[in-house]
Amino acid sequence: MPASGRSRSHTAFEPSEPTLRAAHERAFRERFGVGAAPRVFFAPGRVNLMGAHLDYNGGPVMPMAIDRGTFVALAPRSDRVLRLASTLEPGAVELALDAPPPASGHWYDYPLGVVHALRGGGHAATCGADVLFGGNLAIGAGLSSSASITVATAFALDALWSLGLARRDHVQVALWAEREFVGVRCGIMDPHAVGLSRPGHLLWLDCRDETTEHLLLDTDAVSIAVADTGVRRELAHVAFNERVRECGEAFERLRRHVPEATCLRDVPLDVLREHEDELDATVARRARHVLEEVARTFTARDALRAGDVETFGAQMTAAHASLRELFEVSVPELDCLVDAAAACEGVLGSRLTGAGFGGCTVVLLRSGAREELESALGSAFERRFGRAPRVAVYRGDGGPRELLAGG
Ligand code: GLA
């Protein structure tokens with residue numbers, strides 16, 4: 001049923017960071033009572049523009065941190081108890097720092113995994129704390145809410161306990177928490193994007209050797225929009241783990257033809273073409289996506305360096321077709337948004353972002369084309385699915401930080 005009003009998509013207008021900080025501090029006081037003012041920390045979410053499903057294959061990726069993320073308000077306690085609560089999720093937990101419980105399938109497994117990772121790394125927790133999580137990042141929408149909460153927790157506990165960790169340590173702690181404690185075989189892209197990004201830049205991360213480069217995005221000329229389908233698939237992590245397994249199988253079969261290869265990314269496309277019949281048909285499609293996406297991602301980087309945003313955008317749209325046909329992680333709602341964006345003047349490219357199976361598309365558009373985009377996506381999506389997608393334009397953000405009162 002079409003909604004009334006001029007624009008048929010929901011546009012998210014966000015309050016300023018100081019306003020959000022103040023609201024989160026108030027929520028903390030309501031939850032834990034009045035006492036010393038809490039410290040408040042922030043870690044962003046991310047979109048990925050190029051390099052879909054390449055991180056766990058050792059390929060290059062090009063994410064950007066966004067100005068939406070996780071807020072963590074925290075105050076020390078005089079005992080060794082940690083209380084974790086959230087404004088976004090039901091359920092809270094109280095635990096003994098010296099004997100933290102195992103994973104239980106609740107949202108607080110993510111911060112709890114960080115506590116376990118820090119303990120395992122021999123870092124001393126000097127006091128207990130009351131901690132309230134919240135923020136303005138859609139959960140489970142492919143914007144990396146999980147890396148956002150784990151990196152935010154690592155950063156905040158590092159500050160509370162004066163651990164003196166480096167940014168790359170936060171990334172490693174976050175990765176351990178999600179992989180080993182929560183049990184999702186995620187790649188390395190998300191915590192790197194959340195932990196290492198710089199405002200106004202895309203992050204180039206080569207996942208084979210973890211080298212990074214910050215690539216300037218001309219934000220006067222182009223903007224990045226995200227359109228949320230609203231589709232959340234419960235079993236997305238099962239399908240994700242299945243893709244990881246299939247890519248692993250492709251590598252195991254192809255590596256005998258490329259003895260020096262250390263990951264699927266190292267296998268030349270010609271070798272895949274020559275030996276495709278040795279692979280199960282599904283596994284061959286996955287491998288083809290990976291190897292062609294590696295080539296597209298290098299093309300996109302060269303184009304960005306040369307200021308050629310048209311070529312960059314074309315790589316994004318080609319990536320989506322491959323994610324739909326070969327990697328099979330799209331859904332009709334995502335395809336509808338990508339097709340509608342392609343028909344819209346001022347759009348340079350778009351594709352699903354994150355793992356797929358629902359969530360969001362990311363759109364590269366000429367600055368100034370935002371209204372056309374919103375109305376094009378809104379009407380196409382509503383015609384087909386009877387509801388409006390949420391469309392927002394994001395600025396490239398930096399990594400985690402403390403938000404100071406009055407700052
Ligand atoms: C999820 C994973 C990432 C990455 C993307 C797909 O977001 O957490 O590590 O594999 O999917 O590019």
Side-chain angles (χ1 to χ4, degrees), residues 43-66 69 109-110 113 137-151 171-172 174-197 202-208 210 212 226 228 231-233 235-248 250-251 263-265 286-287 289-294 296-297 300 315-316 318-320 322-324 326-331 334 351-362:
R46 67 98 190 88
V47 287
N48 187 29
L49 279 89
M50 282 305 300
H53 288 270
L54 291 194
D55 56 353
Y56 54 86
N57 291 299
V61 294
M62 276 172 108
M64 180 187 89
I66 57 175
D109 283 349
Y110 289 88
L137 182 65
I139 293 177
L143 301 179
S144 203
S145 53
S146 51
S148 181
I149 191 172
T150 48
V151 171
V171 170
Q172 293 309 324
L175 202 50
W176 188 93
E178 185 158 4
R179 278 184 175 168
E180 309 303 329
F181 193 74
V182 180
V184 179
R185 301 303 309 156
C186 63
I188 68 170
M189 171 174 73
D190 298 346
H192 280 84
V194 170
L196 304 182
S197 284
L202 302 185
L203 180 75
W204 171 270
L205 169 67
D206 188 319
C207 300
R208 187 170 55 192
E210 298 188 23
T212 55
V226 168
D228 190 348
V231 176
R232 305 286 183 266
R233 202 173 123 182
L235 291 176
H237 65 281
V238 175
F240 178 84
N241 287 348
E242 182 65 11
R243 296 302 182 280
V244 176
R245 195 198 59 70
E246 289 161 348
C247 290
F251 178 54
C263 51
L264 186 54
R265 174 256 182 103
R286 309 299 188 242
H289 163 78
V290 167
L291 298 183
E292 291 176 351
E293 178 76 352
V294 168
R296 277 189 294 267
T297 305
Q315 303 311 304
M316 292 173 66
H320 185 80
S322 177
L323 288 164
R324 187 181 60 220
L326 299 178
F327 218 67
E328 298 175 280
V329 291
S330 192
V331 293
L334 288 166
R351 44 156 281 193
L352 69 83
T353 188
F357 315 108
C360 297
T361 63
V362 57

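Whatever order the structure lists them in is the order used to number ligands and atoms, beginning at 1.
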Close-contact set for ligand 1 against [X] heavy atoms, below 4.0 Å:
{"X": "Y56", "value": "10 (O)"}
{"X": "H53", "value": "6 (C), 12 (O)"}
{"X": "F240", "value": "1 (C), 2 (C), 10 (O), 11 (O)"}

Item to check | E328 and R243 ion-paired at < 4.0 Å | outcome: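 Between R243 and E328 there is no salt bridge, as every charged N stays at least 4.0 Å from the carboxylate O atoms.
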Checklist entry - Relative to each other, are the rings of Y56 and F240 parallel, tilted or perpendicular (30° and 60° limits)? => result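 Answer is perpendicular, since the angle exceeds 60°.
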Next on the checklist: Can you report which non-hydrogen protein atom sits closest to atom 2 (C) of ligand 1, along with the distance?
Outcome noted: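 Checked against all protein heavy atoms, atom 2 (C) of ligand 1 sits closest to D190 OD2, 3.6 Å.
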Next on the checklist: Which residue and atom name correspond to the protein heavy atom nearest atom 5 (C) of ligand 1, and how close is it?
Outcome noted: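 Answer for atom 5 (C) of ligand 1: M189 CE, 3.9 Å.
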What distance do [X] atom [atom1] and [Y] atom [atom2] have between them, rounded to the nearest 0.5 Å?
{"X": "N48", "Y": "R351", "atom1": "CG", "atom2": "CZ", "value": "5.0 Å"}
{"X": "R324", "Y": "L334", "atom1": "CZ", "atom2": "CG", "value": "11.0 Å"}
{"X": "S322", "Y": "L291", "atom1": "OG", "atom2": "CG", "value": "10.5 Å"}

Checklist entry - For C207 and R265, what are the C-alpha separation, side-chain angles and deciding distance, and is it a side chain to side chain contact (heavy atoms under 4.5 Å, CB included)? => result CA-CA 10 Å; C207 300; R265 174 256 182 103; over 6 Å; no
Item to check | Nitrogen or oxygen atoms of G187 and ligand 1 under 3.5 Å apart | outcome: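 Yes, there is a polar N/O contact under 3.5 Å.
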Checklist entry - Between D55 and ligand 1, is there a nitrogen or oxygen pair with a distance under 3.5 Å? => result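 N/O-N/O distance below 3.5 Å exists for this pair.
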Checklist entry - Heavy atom of R46 under 4.0 Å from ligand 1? => result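 Distance cut 4.0 Å: R46 passes for ligand 1.
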Item to check | A52 contact mode with ligand 1 (heavy-atom cut-off under 4.0 Å) | outcome: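 For A52, only backbone atoms sit under 4.0 Å from ligand 1.
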Checklist entry - Is there a donor in the side chain of E178 and an acceptor in the side chain of T150, or the other way round, less than 3.5 Å apart? => result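 Checked: E178/T150 side chains show no N/O donor-acceptor pair below 3.5 Å.
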